[in-house]
Amino acid sequence: MGLAGVKVKQRFGLDPRNTSWSNNTDRFGHQYLERMGWKQGKGLGLVDHATTTHVKVHIKTDNSGLGSKLAKKTKKDEFDSGECAGLDVFQRILGRLNGNQDLVDRELERKRNDNIINGKWGMHFVKGEVLESTWNAGCKKLMAEEAKQTKRRASEVDTDARKKLKVIVKEKKDKKEKKDKKEKKEKKEKKDKTEKKEKKEKKEKKEKKEKIEKKDKKEKKDKKEKKEKKNKKDKKDSDKSPSAEVTRDEMLQPRTSTGQIATRLSARSKWIKQKRASVMDAKALNEIFMITNN
Amino acid sequence: MALEDKKKHKKQKLMDSKAELVAEAAEEKMRQHPREDTPQEMEIHDGGEFTGVERYNTTAEIAQKLESGNKNPFTGKSFSQKYFDILTVRRDLPVHAQRDEFLRIFHSTQIMVFVGETGSGKTTQIPQFVLYDDMPHLHGSLVACTQPRRVAAMSVAKRVAEEMDVELGGEVGYSVRFENKTSSKTILKYMTDGMLLREAMEDHNLSRYSCIILDEAHERTLATDILMGLLKQVTLRRPDLKIIIMSATLDAEKFQNYFNDAPLLAVPGRTHPVEIYYTPEHQKDYLDAAIRTVLQIHATEDEGDVLLFLTGEEEIEDACRKIQLEGDELIREQNCGPIKVYPLYGSLPPHQQQKIFEPAPQNHKQGGRPGRKVIVSTNIAETSLTIDGVVFVVDPGFSKQKVYNPRIRVESLLVSPISKASAQQRAGRAGRTRPGKCFRLYTEEAFKKELIEQLYPEILRSNLASTVLELKKLGIDDLVHFDFMDPPAPETMMRALEELNYLQCLSDEGDLTPLGRLASLFPLDPMLAVMLIGSPAFECSEEILTIVALLSVPNVFVRPASARKRADEIKMSFAHPDGDHLTLLNVYEAFNSDDAHNVGLHQWCRDNFLSYRSLTTASSVRSQLRRIMERHDIDLNSTDFENPNYWDNVRKALAAGFFMQVAKKKSGNKGFLTVKDNQDVLIHPLTVLSKENEWVIYNEFVLTSKNYIRTVTNVRPEWLVELAPKYYDLSHFAKGDVKLSLERVVDRVDAMKRTKKSKN
Ligand SMILES: Nc1ncnc2c1ncn2[C@@H]1O[C@H](COP(=O)(O)OP(=O)(O)O)[C@@H](O)[C@H]1O
Ligand SMILES: [Mg+2]
């Protein structure tokens, strides 16, 4: 796709890729390069990795964040495999809960902060890796003989860093294992509640597989259904616990009064206690923690 | 009769290219009255503090002794207390521990590669290490350190002048496009890579320099890439010239390989761990998410400054306003500490750039929450500038990147995802002073799947017309076998050659013409340079000078969201019905009127929704371009404003330059078609032009969901076929509406000529 090939609806000219120019070999530029020894289909310069075409890009036309393509894709996947939606919400809950317990407590105590976060500025984050250095020093070897001295010095630092890195990696692994375990467990718990739904979804899935030809039409319908279902589900969740997802609109609305928040908070801490009890190893819940929700 | 013939001949020649005639005349005059080029005399000192120190044979110990002495060895003056204060800090930088190592390699080789993690002291310290070894002031030479960005060049020069206890513009100076702050004393010059390239065009061996440092080579800007290819050749001719390639990323092998296995020195930075956070899901609006994240950090996190990366001036200014506003509310409502927001981007004037280094605001309330500084920056703060005190980084994952499509001849700055390498660099900025946090406004999956490892070098994303002209001027004729680190796409090269050929900067044999030589002297796009050189023939070079200057600065029209309508109304008061270029001219005239001066220029600009900064920059650009014209005997003239041809002359001169950027209204249809490349375009809604015009020239092709042409002026097709007969040779046109209309135009012109003739 050339620059002109944008996925946003766009009217194309007669020759959006201007092939009438590129196919014309009588042009001065073409002639000149050939005279200098260039051959059609080859790159320029003295290296063998020379490009033969210009860089192509997607044109971004809105303020949507990075990964919108992915987001769309996963949404589609959701329709395909009913389970994913649940998982998504589930992970979000994990995200909010699985933080370091102390942190959770501290966060909870900081009512003031919550107040702000639940107000119009609330943003959620999931903790990822720890960056020890912008240099991924472990996997690059330095070439120069002269640099050995440095390297020694550098590697002292490196080993330190690498040790840390290892620790992190290990932690991550543990975490992951535990998370998996936990996920299973959680799933089980949830299963009862969602069994009905899952069954239905599975059925849908089957149907879909059978009727692949009609998929498009059906998808639309599914989407609608899904939406309804999701709404219902959200509602259910929020009935169940105050930690359900907040929509952006809600987030942008002015803060709720403190009194309300207090009750919500107590409800939430109760819920957290339950969750905590359901998780055997609290330390494993090291994953995320930034911000809680209303 | 003979006279008539001569006249006709002259007319014929004029039709070929007015610019070419001017160029030839200028060259001829130069030949007859050669002007002494007055190169800046270098001051050559006696040894002073350096007596007994041997060039290219010093050690860290010798240098440190000199640095800690009483007198500044470069000026002979006593060091100030501030100097010693900064010296202590500098000695703490990671590169310092490697000084001996550096000097050993520097002595042993002509070209070296130096990689140092951002903040390790590359840009500020290494050139000074070189000064104390090279002692350029004793040899009448200079040390150059290039930067991809002008902001960085200026800011770093200022810092290093302080570190060396000298005046900025004295021993340490800078040189960026349209701004030169150096003097005969200067021995260390920070400059944009583009400026060094320009200097190379005049002096192919760069003979003033004893050492050239190419900094931020990992950015792979167009100019740095060309400079690398050039320096590779220069070092063969000049064994006394030393080259240091500096980079912030570890993939230095590429540079080493390119420079025949040049030795490498790598210095890790002293960074603290940075915790990385991702959003659990895709953000619908990254700008909104960014602002909320910054405010949330301010409200809930401990002390430490925030660095937010956004893509461009407008977005940054907008975000700054919002954050400051909401932040003030936070202070009132939530008892937060004071918050101070600073923008940082390329076109910011130096005194405002410098503000980012001011300390965070203090909270004067006893035991109150800490004050915080928030810097909202383009990717200039990624590696070029280090701001200590940053603990939190907010990264939406985008930057503005240049793209060029040679097929449709569009170069554009588009907001695109950054690379993984950039994301890591950005995160790294949070760990300068203490352990920090980086908030990525995208999911971990997006990081892994949507970001490419490394951005494409700029040479693969740019129009190369200027570059090809520069290379030709540098005496490089074989563009096919030039040793590019990453060779550009053949079609991109062809387009550049063709544009230059149509502009008559290159002959049909591909040789530089007098016009090409003259055009290369202007720090402008070749098309603008040619237009300027040709403008005296239309009796309006003063006017074209103004227009070119205004096209070289950021948009002069300000359109605040809060007062769009009012701003548009006021803009219309400057409008010329024939187009935006002419409107620019009106704005500039008004800016220089007594009225404006009486009101006060700042106030006048505010009242009229114009950018004071852009207009003053344009003034200075204009006078610099004017000086180049004077130096080369290019007439400065103007048609009397009362003359009915005043505006037509300007439009003709514009047509003579912009003849490759023309669009024709589609018959019976909305929209325009670009001439020759046949792209569907619309005129940008912010034009002053009424839509009835059939033929327009445009300054810019903007890629968005719709393709817009921006800054347009109405022209007559007769002018086009007359002024650029080669480009408008209809046998090269694809069949269609444009060709048909042009054929009719040609017939009309011919008929007119015939009747004229028969009358005679
Ligand atoms: N304008 C400035 N004001 C104050 N300190 C600065 C300034 N510029 C640089 N520094 C200090 O110098 C250090 C080294 O910066 P620099 O040489 O630019 O590093 P590098 O080029 O390796 O990224 C920075 O960490 C900072 O502490
Ligand atoms: Mg630097």
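For clarity, every value in this text was computed on a predicted model and none was experimentally measured. Both backbone and side-chain heavy atoms feed into the values below; hydrogens, waters and symmetry mates do not. Just so we're on the same page: letters track the sequence lines, and every chain starts at 1.
- By the 4.0 Å N-to-carboxylate-O rule, B:R461 lies too far from B:E458 to be salt-bridged with it.
- Exactly one of A:K127, A:E129, A:H124 qualifies for a side chain to side chain donor-acceptor pair (under 3.5 Å) with B:Y278. That residue is A:E129.
- Across B:E499, B:E491, B:Q424, the residue that shares the most heavy-atom pairs under 4.5 angstrom with chain A is B:E491.
- Between B:F439 and B:Y277, the angle of the ring planes stays under 30°, which puts this pair in the parallel group of the 30/60° scheme.
- Using a 4.5 Å cut-off between heavy atoms, B:P488 contacts chain A through both its backbone and its side chain.
- Interface residue B:P406: backbone and side-chain heavy atoms are both found under 4.5 Å from chain A.
- Considering only heavy-atom pairs separated by less than 4.5 Å from chain A, the leading option among B:A289, B:A427, B:G431 is B:A289.
- The contact between B:R495 and chain A is made by backbone and side chain atoms together, counting heavy-atom distances below 4.5 Å.
- Ranked by heavy-atom pairs shorter than 4.5 Å toward chain A, the options B:P435, B:A489, B:P490, B:A421 are led by B:P490.
- Looking at B:H732, there are no atoms closer than 4.5 Å to chain A (heavy atoms on both sides), in backbone or side chain.
- Residue A:F28 qualifies as enclosed at atom CZ: its count of foreign heavy atoms under 6.0 Å is above 12.
- Interface summary for chain A: among B:D486, B:L287, B:V113, B:D677, the most heavy-atom pairs under 4.5 angstrom belong to B:D677.
- Considering only heavy atoms from C-beta on, B:F701 comes within 4.5 Å of B:Q679 through its side chain.
- For B:F482, the part lying near chain A is the backbone, with the side chain staying farther off; criterion is any non-hydrogen pair under 4.5 Å.
- Salt-bridge formation is detected for the pair B:R292/B:D288: a Lys NZ or Arg NE/NH1/NH2 atom is positioned less than 4.0 Å from an Asp or Glu carboxylate oxygen.
- For an aromatic pair to be called close, the ring centres must be under 6.0 Å apart, and A:W38 with A:H30 satisfies this.
- Residue B:M112 does not touch chain A at all, counting heavy-atom pairs closer than 4.5 Å.
- Contact of B:R440 with chain A is made through backbone and side chain together, with heavy-atom distances under 4.5 Å.
- The choice from B:Q283, B:E509, B:R407 that makes the most heavy-atom pairs within less than 4.5 Å of chain A is B:R407.
- Side-chain atoms of B:T109 never come within 3.5 Å of backbone atoms of B:I105 as a donor-acceptor pair (strictly under, hydrogens ignored).
- No hydrogens or angles considered: nothing links the side chains of A:Q40 and A:T25 as a donor-acceptor pair under 3.5 Å.
- Contact of B:L451 with chain A is made through the side chain alone, with heavy-atom distances under 4.5 Å.
- Heavy-atom distances place both the backbone and the side chain of A:S22 under 4.5 Å from chain B.
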